Protein chains: 2
Amino acid sequence: MPVNIRDIAKAAGVSVATVSKALNGYRSVNASTREKVQRIAKEMQFHPNAAARSLVGQRSMTLGVFLTTGLSHPFFASLLGGVDQALQARGYDLIYLSQVSWREEYNFVRHCRSRNVEGVLVFGFQESDMDFGELIESRLPAVFIDMEISGSHIATISSDNVEAIRSAVRRLHEWNHRRIAFIAGQPGSYASRTRFEGYREGLAEFRLPFRQEYVIAGDFTRESGYEAAKRLLALPVRERPTAIVCCSDMSAIGAMEAAAEEGLSVPDDLSIVGFDDIEAARSVRPALTTIRQDTQSIGRKAVELLDDLIREADIPSKQVILPTEWVSRGTCAPAP
Amino acid sequence: MPVNIRDIAKAAGVSVATVSKALNGYRSVNASTREKVQRIAKEMQFHPNAAARSLVGQRSMTLGVFLTTGLSHPFFASLLGGVDQALQARGYDLIYLSQVSWREEYNFVRHCRSRNVEGVLVFGFQESDMDFGELIESRLPAVFIDMEISGSHIATISSDNVEAIRSAVRRLHEWNHRRIAFIAGQPGSYASRTRFEGYREGLAEFRLPFRQEYVIAGDFTRESGYEAAKRLLALPVRERPTAIVCCSDMSAIGAMEAAAEEGLSVPDDLSIVGFDDIEAARSVRPALTTIRQDTQSIGRKAVELLDDLIREADIPSKQVILPTEWVSRGTCAPAP
DNA sequence: GTGAAAGCGCTAACAG
DNA sequence: CTGTTAGCGCTTTCAC
């Protein structure tokens with residue numbers, strides 16, 4: 001029994017059409033009646049029925065999020081903070097699109113249509129994990145976070161991974177590190193790929209040789225960081241890296257454990273750089289030097305981008321890249 | 001331009017009413033026409049417009065989740081896995097209810113009404129954080145996870161915290177531990193409160209004295225576990241606990257760090273028990289002995305409960321308590 | 001400026 | 001068994 005537009009029309013002594021116009025701020029209705037209607041609507045705690053609005057062909061003000069298990073990544077949690085903000089500011093609600101909805105029979109895109117979803121946020125995938133062809137063809141506006149996809153009505157957003165790692169290499173180089181290793185993330189993921197690119201560019205910039213044995217693939221986890229560092233530290237002493245740049249804080253923390261096991265002191269014998277600046281980076285000992293992603297802004301911007309895509313006519317594929325921040329803590333020092 | 005019920009009525013050569021009935025599986029329509037309609041609907045990839053359905057007064061098949069920042073706890077990630085499953089199975093979609101929606105002016109409950117939300121899942125709060133009075137009065141079905149709230153159309157779900165900790169104390173007692181300490185979680189939170197209750201009951205069961213100095217309040221984090229353990233281990237050696245039961249894995253891991261700093265060996269000098277069985281529990285060294293919550297089931301059950309609440313007429317307040325599982329790893333041993 | 005009326009896609013009486 | 005019809009709550013022509 002929520003109050004509807006007719007109730008307030010009666011209370012205000014005007015027609016429903018006038019109420020609708022007044023509430024939507026049309027200038028074609030007399031200022032005084034407009035205010036009166038708005039006042040009454042507020043008093044009666046009127047909130048329009050979203051289904052009716054959506055049905056009449058107008059905006060549904062609904063966005064979808066589609067994500068994988070990646071949810072458990074701390075990254076997503078802080079992302080949601082920014083998403084929430086922007087959602088509020090732009091008046092959208094968010095509907096969670098289940099992973100299972102992505103099947104042949106019960107198509108994801110059609111599910112969006114059926115729910116009148118105006119646009120989707122996609123996060124947590126590797127591009128290769130899934131076929132986004134249908135999404136792209138559907139012209140349903142979409143913003144991909146940390147993925148490389150293009151098409152019309154499509155935008156992507158991510159941190160400036162290349163520059164972040166390149167400048168990490170630069171800092172380490174300034175500290176006289178010459179043997180700098182790299183622990184990659186999930187092979188094939190956008191984040192790992194671009195960060196690796198930054199690593200190569202950084203090496204190139206300072207004419208440091210690229211050595212295959214200094215690059216170990218992982219999957220962003222602590223365990224994989226541990227294993228990778230073990231292998232790195234098993235190299236002959238004179239070949240051993242003096243610094244390791246990691247694709248995630250978790251893997252950096254794993255690397256720190258490996259170093260401890262090998263009896264190496266961080267940062268005196270070995271410098272380690274993480275990526276993300278998750279909470280654990282601060283509480284680990286020594287506290288982790290890392291590259292902070294502005295997850296809050298990524299979330300906020302992603303929603304804003306999606307809103308733009310929805311409202312503007314034909315936006316060409318758009319890429320947004322956000323700067324990162326170097327967070328100096330206790331795991332980096334001049335080369336031994 | 002998604003296909004609608006009229007399109008398929010035309011294609012099938014029947015009326016829209018028949019299509020509607022056929023699609024909803026009414027027995028009042030001839031089996032052969034029903035099958036024909038269903039086949040055509042499938043071929044044409046028809047999916048009913050959720051807004052229209054919802055508008056006509058039927059089910060909206062939409063549930064809301066309301067959560068706080070607590071989201072960053074790994075607990076919620078796996079919870080969502082179970083939620084997702086049940087959502088699928090019961091055909092609901094999930095809409096994320098922004099924290100900001102909980103304000104005087106833009107009331108949360110009315111937001112749900114306006115979106116035709118049929119029921120809400122609430123988690124991440126302490127009961128005291130917020131006034132749920134209006135929610136309860138509204139009779140909007142709600143399931144609270146890890147909270148103690150009652151009312152009609154309300155259910156709660158959580159792990160059997162009391163029994164979990166009580167039996168942890170029992171195991172430690174069997175291993176001849178007599179000085180068993182407890183690191184609590186956020187004071188006022190349901191989880192911490194009930195786990196503390198289990199601790200007291202456990203002590204009582206074996207006639208171990210309750211000592212105030214063996215109970216330290218924390219907030220579930222690693223840091224708080226570290227600080228608490230530091231204080232516990234600062235007691236005179238003969239008073240020092242030989243075992244610590246923690247309210248979370250994170251605080252247990254913090255306690256392990258404190259023990260290491262104090263030069264104590266876990267589990268030889270000190271046994272430590274965690275709670276949750278998060279991923280890190282397995283990767284920390286020694287691996288953490290802990291109490292596993294079946295988060296997946298909690299999430300699934302929560303949705304099922306909510307669905308029951310929505311469909312059944314007047315269900316009295318209902319509490320579901322799920323068993324936990326003792327996970328024996330490397331941080332517990334007989335008392336020194 | 002304002003209101004009457006049509007209609008969004010669907011379901012539920014009620015006739016036939 | 002099937003079809004006709006009347007709305008659900010809202011926005012939007014189009015008259016007045």
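This one's a predicted model, so the numbers in the text were calculated from it and none came from an experiment. To find a chain, count down the sequence lines: A is the first, B the second, and so on, and within it residues start at 1.
By the side-chain hydrogen bond (donor to acceptor under 3.5 Å, both in side chains) test, B:E118 is found to be paired with B:R59, residues two or more places apart in sequence or in another chain being considered. Not counting sequence neighbours, B:R53 has no partner by the salt bridge (charged side-chain N to carboxylate O under 4.0 Å, His left out) test. By the salt bridge (charged side-chain N to carboxylate O under 4.0 Å, His left out) test, A:D93 is found to be paired with B:R115, residues two or more places apart in sequence or in another chain being considered. Looking at residues two or more places apart in sequence or on another chain, you find a side-chain hydrogen bond (donor to acceptor under 3.5 Å, both in side chains) between B:E43 and B:R39. B:S54 meets the side chain to side chain contact (heavy atoms under 4.5 Å, CB included) test with A:A51, B:S60, B:N116; sequence neighbours excluded. Applying the side-chain hydrogen bond (donor to acceptor under 3.5 Å, both in side chains) test to B:R6 and every residue at least two apart in sequence or in another chain returns nothing. With sequence neighbours left out, the side-chain hydrogen bond (donor to acceptor under 3.5 Å, both in side chains) criterion links B:S158 to B:Y190.
Each of B:K21 and B:A51 lies near DNA chain C, and the nucleotide nearest B:A51 is the one positioned closer to the 5' end. Nearest-nucleotide positions on DNA chain D for A:V56 and B:V56 put B:V56 closer to the 5' end.
In the 5' to 3' direction, nucleotides of DNA chain C lying under 4.0 Å from heavy atoms of chain B begin and end at C:dG9 to C:dA13. A 4.0 Å heavy-atom criterion places the boundary nucleotides of DNA chain D facing chain B at D:dC1 to D:dG9, written 5' to 3'.
Counting heavy atoms from C-beta outward, B:Y92 and B:D307 have side chains that approach closer than 4.5 Å.
Residues in residues 18-37 of chain B take part in no salt bridge (Lys or Arg N to Asp or Glu O under 4.0 Å) pair, two or more places apart or across chains.
Under 3.5 Å, the side chains of A:D294 and A:S297 contain a donor-acceptor pair of N or O atoms.
Here the CD1-CD distance, from A:I154 to A:Q319, works out to 12.0 Å after rounding to the nearest 0.5 Å. Atoms CG and OG1, on B:N30 and B:T18 in that order, are 10.5 Å from each other to the nearest 0.5 Å.
Within residues 29-38 of chain B, the residues having any heavy atom closer than 4.0 Å to DNA chain D are, in order of number, B:V29, B:N30, B:T33. Using a 4.0 Å cutoff on non-hydrogen atoms, the parts of residues 12-20 of chain A near DNA chain C are A:V14, A:S15, A:A17, A:T18, ordered by number.
Using a 30° and 60° split on the angle between ring planes, B:F132 and B:F144 fall in the perpendicular class, above 60°.
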